[in-house]
Amino acid sequence: MSPLLVFTAVLTLGGLCLFFGVTISLALKKLYVWEDPRIDGVAALLPNANCGACGFAGCRAFAEAAVHGHVAPAGCTVMSDDMRADVADYLGVHAGSTDKRVARLLCAGGTDVARRKADYVGIESCAAAVAVGGGGKGCAWGCLGFGDCAVSCDFDALHMNANGLPVVDIDKCIACGDCVDACPLDLFTIMPLTHKLIVQCKNLLEGEAATEVCTVACNACGRCVQDAQPGLIQIRRGLAVIDYEKIALAEIGAIGRCPTGAIVWLEGAQFEASEERAAVAV
Amino acid sequence: MHPPELKQLTATQKIRRMPFPSEVVLPLRQHAGKPARLLASRGDHVERGDLLAAADGFMSVPIHASASGRIAELGWWPHPDGSMAEAVRITVDRFSAQLPRPRMVPHWEGLSKEQVVNAVQQAGIVGLGGAAFPAHVKLLPPKDAKIELLLLNGAECEPYLTTDHRLMAEQPERVIYGARIMMHALGVTRCVIGIERNKPDAIEAIRGALPSDADITVQPLTVKYPQGAEKMLIKALTGREVPSGKLPLNVGVIVQNVGTVATIGEVFETGLPLVERVVTITGPGVRKPSNLLMPIGTRLRDALDACGGLTADVSEIIFGGPMMGGAVSDLDTPIIKGITGVVALTPDVARTEPTLPCIRCGRCLDSCPVFLNPSQLGLLAQAGRYEEMEALHLADCMLCGSCSYVCPSNIPLSQMFALGKAGLRKQKVKAAAEAAAAVLKVGAA
């Protein structure tokens, strides 16, 4: 190999490197976009779970919105109060406050109270079971109990109880809505923890037809409608429906005469009483 | 693929009219498309063939009373798909002669295309081969489609079922008559009837009834599964391949099940809408397997009673055939328009074996009639990666069940694909809703 060849090669490649290096550094200057350095700062303080519970596309999008003042640090439901305070301090704003929201299951038909009409054998998933004869549960609207929701939960906030119902850990639940999407029967709903009056049933049958398939089903008798403040509850298509616009009117008295226990007053998590019952039975 | 045919239980049984049950239940959703719009009200007296619910748009068909009686209830009732659906329950008159009201029967030769299509829709006719696709929609292809050939599907490749077989063997004239009407409506001059070779008596009967003045022929088909799938049938009868994502009309063909065609023939013979159909009630769990002509909406319980009832050890009942049918969870479920058969299985047949890991033997690839890779799709389904399944042509999968059938590891592949399809549908609905919400937001801002 002649020295000239080596020399030419080094010169050519070196020249190319120099040319592109200069071009890139010039382009960087010319095309520079200023970004608020606080965005990176806030993003570093966020949990970076990218769960989407805040309504933004991810943690970075939330950080951008927070820096621009579109959302208060409390808009992130995953952070603890301390973490929120850190973000608020960093930005020099108030942390703000949000109503704690959690996922609620609109079915209380565990294996202890709901009738089964057939056994499903196949892929252990609600979405698969519901396509095979409805999964065999007596109530076609009720929870099938294979736990697609528990699998979908990234925050370890959902666990199946002894009666095959998912129980939401209200401390861990950050209302991201993954379980709402996972449930093929649309049984989950996200609501503020302060909404204590809920109807834990979606069965559209009325009267004995409803209670025949599940003893805690809403049989549309209408007693809660009479016992609550006017307009708060309505019977619509075989189901008591609460108007949450008027939730301030809710009182515990509305559930007093419910013959099945479909309407409940929640002070904390769901199904605590039924779990105690199961424990006693064991 | 050659699953055991198991048709001998009912293949030689003549179609028998079942006594009218004490009650019929007619869900408003018995067809693909929009459910029918309810017209009847509780307490009404109806005669056989009276309109209960009207078609709601073009992609819908009406529902007719399948027996005379009184409407006892309008409410929720178990549906063959496993959900609860709105249905009309009729208490049947015990002493009624079940004669329909006198009606005018139009001469089809004198009717225009649109009038025939309209008559077929008003008669509530859907595809009786299982999918329950409204029959009139296929009769009115888009203007730019050039249809030159009508194919009648008499393959009946599902094990156990003999509905179409008996119909062709016993009422070949009606099939031919319906075929003539369809050819008239479609403006085609050629019709081919495809029948699997395992039904020599049906082939014989149809051949005997072929007219001399119309170009209708019979083509015996190799016995294999899924020969009766629309695209497979077209390939076997014409050599044409329907491209992925396209319809038979893109290759100039319309396919209709022979049962549907016979019903169209019946409508123009008697004027009676679709109120009854032939259903094969069979399987090792039925005491007296039969081919029953029964009113639409007969509860499963009554249909089984008419066949001597179930044996004590039945563990599973399927609507449709064992390959593609769905398990039933309630004996009160009515038999609706799209149900071809009822198969009652005993534990020795309906056994479940543990699912084992995929050993990459590739049998599912060999068995897939549309040349997909079920093994790969199965792995993606397990991981919930539905978009990637779509890229691997999940839409071409017709859930025939061949891959599940041949899998030595008992992997429920076709069920996983059904899950994947459902998951994709859900994602699309959600994406559309979010897009609509975003548009609203922009509008509000």
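Chain A is the first sequence line, chain B the second, and so forth, proteins listed ahead of strands; every chain is numbered from 1.
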Should we count CD of A:Glu212 as having more than 12 external heavy atoms under 6.0 Å?
no
Does atom NZ of B:Lys34 have more than 12 heavy-atom neighbours, drawn from other residues, nucleotides or ligands, at distances under 6.0 Å?
no
For B:Ser329 and A:Gly133, the nearest pair of non-hydrogen atoms, with its separation, is OG-O, 2.7 Å
Flag if over 12 foreign heavy atoms under 6.0 Å of NE2, A:His159:
yes
Quick check on A:Glu35: does its CD atom have over 12 non-hydrogen neighbours (other residues, nucleotides or ligands) under 6.0 Å away?
yes
Under 4.5 Å from any heavy atom of chain B - which part of A:Ala210:
neither
Decide side-chain contact (heavy atoms from CB on, under 4.5 Å) for B:Gln415 and A:Val132; before the verdict, give the C-alpha distance in whole Å, the side-chain angles of both, and the deciding distance to 0.1 Å.
CA-CA 9 Å; B:Gln415 195 187 4; A:Val132 182; 3.8 Å; yes
A quick test of your reading: do over 12 heavy atoms of other residues, nucleotides or ligands sit less than 6.0 Å from CD of B:Glu353?
yes
B:Met84 and side-chain contact (heavy atoms from CB on, under 4.5 Å): which single residue from A:Leu204, A:Leu205, A:Val213 fits?
A:Leu205
Among the listed options A:Asp181, A:Val130, A:Asp119, the residue most often paired with chain B at heavy-atom distances under 4.5 Å:
A:Asp181
At their closest point, which heavy atom of A:Ala128 faces which heavy atom of B:Leu419, and how far apart are they?
N-CD2, 3.6 Å
For A:Lys100, is the NZ atom crowded, meaning more than 12 foreign heavy atoms sit under 6.0 Å from it?
yes
Please name the pair of heavy atoms, one in B:Gly82 and one in A:Ala140, separated by the smallest distance, quoted to 0.1 Å.
O-CB, 4.2 Å
Among the options B:Asp330, B:Leu331, B:Thr352, B:Thr333, pick out the one with the most heavy-atom pairs lying under 4.5 Å from chain A.
B:Asp330
Give, as side chain, backbone, both or neither, the part of B:Ala418 having an atom under 4.5 angstrom from any heavy atom of chain A.
neither
More than 12 foreign heavy atoms under 6.0 Å from CZ of B:Arg42: is that the case here?
no
Between B:Glu86 and chain A, which part of the residue has a heavy atom less than 4.5 Å away: side chain, backbone, both or neither?
side chain
